Amino acid sequence: MADLKRTALIAQVLPDIRAIDKVFDYVVPESMAPEVRVGTMVRIRLAGRRVGGWVVGLSDTSAAGERKLEPIAKVTGWGPPADLIDLAGWAAWRWAGRRSTFLATASPPGAVRGLPPGRPSPAPQPGGLSVVRMPPATDPYDLVAETAGRGPTLVLAPSADQAVRLAVRLRGDGQAVALASRDWARAAAGGVTVVGSRAAAWAPLPDLSAVVALDVHDEAYTEERTPSWNGWRVAAERARRAGVPCLLTSPCPPIELQDVETVALSRTEERAGWPVVDVVDRRRDDPRTGLYSERLVQRLRSGGRTVCVLNRKGRAKLLACAACGALARCERCGAAVEQTEEGLRCRQCLLVRPVLCAACGSQKLKTLRAGVTRVREELEALAGVPVAEITGDTKEPVPEAPVVVGTEAVLHRVPAPVDTVAFLDFDQELLAPRFRATEQALALIVRAARLVGGRSGGGRVLIQTRLPKHEVVEAALHADPARIWPVERERRAALRFPPYAALAVVSGDAAPAFVAALPGTVDALGPDDGRWLVRAPSTKPLCDALAATPRPSGGRLRIEVDPVRL
DNA sequence: CGGACAAGCTGA
DNA sequence: CAGCTTGTCCGG
């Protein structure tokens, strides 16, 4: 006699709770069976309370043994498709995170009960990873439009507003486009190109035909919170798994991509896409001219719109007594003091004291290292025109002043076009104690180049430096970003930094126990300020080691794989 | 995460 | 030894 009792369908559910990275089995009631697929979002009872979760697997047997299983309480709606459930598993390994973090990013912003009709799409053409080196002033739109024209493409841009602009242009050209994550259901239905920023790497796209990620040198692709995943790397892995082409564009591709097949324009075309660079060698200048070379003053007075960049906020970051020459330091801890509205403030312990020399009592101090606020006052006097100030903290809209001075934020805030961008103290960028300083410095010039445009438009980038032969300066001057690589390769190899090693920073109160339990395949350096640097020869052994090490229960543990800075 | 339960600390 | 805090474990 046939067994009348049909085997029940069992769903493996990953709860949407940060701290739980474990799947639980639930019975799928027959009424729900048609709606439950891998990726479906459900509500379940777990330890007595109702929580959300994702179906990450379906089977007809349970690992829970003889125990009677709870049924799924409710089907919430559509969730990340099966390929993204797998990708979340990979990302959890790659960035030492939890699957739920990635699935949350891959999920729709609200419950999706049904999908609109999808559109048919052509069969994708196979392809691999390539880098397109596209100079700053070249518009990548044609590349995007052409790729999207061949089939549903995942298009990533570093910022949300660039993504919106791209989506609008593509739509204007009659292409079917979904903007992540707003148009989640339309993307999930298929047949459309999806455009978005970092998180769009997790957008549903059932019939992916290609990936394009613009400006992959941009650090905005890296999530600041842990897990510190990177959008273009996720998208590239997706393309790899789907066997479709992945195009990464950048005027200055990161050194990690040095071995990837690269498409570059001809020398003439690439040069045309970079602005004229004025290198102002300040080695012979009178130190009393401070941050203002003769050539800078000429540009300021020339009447064009000028943006000056100085990555130091405030009035003065380093002062000395004008009378006796002593450095102004904190009387409590000895650290350098900076000038603020209230007086001299210690940069370490924040103790405030009046503006006078601790050594001789003189009230006359001179600025050794000026900040943006002071520079604004001085530029106004020098140029004889109104000068506005912008830093990361500035909330107001960008003022109309002919000259604007600010920290790096000014390059994000001031709209193009601008006639000149001047880096007042570029050595600060070149010599920054960060292992990516060279690439970051070149990326700053790229930002500046976007504001002034290519060389035919007459835009100029003025670089004040005492290192006029530095490879970054040469790269910008010759519009040849690969010039930074030979030096950078040697430096990175000697110091065992990426791409010649893979790094992770481990911190938090559970860090000591975690680091102690790491296998011998990785080295751990530290602690330095409560942080350990974990290093392996490459990504795989690093991530394998991090994944194989149990996380101490209780206590916070922060693991930042591929740290942007150390 | 949050509840359950166990092991340690305090107080009369 | 009750009553409470603190820590560890585990959920289907």
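The structure displayed is predicted, hence computed values, not measured ones. By convention in this document, chain letters (A, B, ...) are assigned in the order of the sequence lines, proteins followed by strands, and residues within each chain are numbered from 1.
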> Just how far, in rounded Å, is P of B:dG3 from CD1 of A:I20?
Replying inline: 12 Å
> Once you round it to whole Å, what is the distance between C1' of B:dC1 and CZ of A:R45?
Replying inline: 17 Å
> Looking only at side chains, do A:T222 and A:E219 share a donor and an acceptor under 3.5 Å apart?
Replying inline: no
> With ring centroids as reference points, do A:W202 and A:W184 lie under 6.0 angstrom apart?
Replying inline: no
> Between A:R113 and A:E35, is there a salt bridge with N-O shorter than 4.0 Å?
Replying inline: yes
> How close or far is atom P of B:dG3 from atom CG of A:L46, stated in whole angstroms?
Replying inline: 12 Å
>> Can you see whether A:S250 engages A:D215 through a side-chain donor-acceptor pair at a distance of less than 3.5 angstrom?
In response: no
>> If I take atom CD in residue A:E70 and atom P in nucleotide C:dG11, what distance separates them, rounded to the nearest angstrom?
In response: 13 Å
> What is the distance, rounded to the nearest whole Å, between atom CZ of A:F24 and atom C1' of B:dC1?
Replying inline: 11 Å
> Can you check the A:R43 CZ to C:dG12 C1' distance for me, whole Å?
Replying inline: 17 Å
>> Please determine whether a side-chain nitrogen or oxygen atom of A:K22 lies at a distance below 4.0 Å from atom OP1 or OP2 of C:dG11.
In response: yes
> So how far is it from A:R558 CZ to A:D509 CG, rounded to the nearest 0.5 Å?
Replying inline: 13.5 Å
>> How many whole angstroms separate atom CH2 of A:W54 from atom P of C:dG12?
In response: 19 Å
> Between CH2 of A:W532 and CZ of A:F514, what distance do you get to the nearest 0.5 Å?
Replying inline: 11.5 Å
>> If I take atom CZ in residue A:R50 and atom C1' in nucleotide B:dG2, what distance separates them, rounded to the nearest angstrom?
In response: 17 Å
>> Tell me which residues in residues 12-19 of chain A lie within less than 4.0 Å of DNA chain B, going by non-hydrogen atoms.
In response: A:I17, A:A19
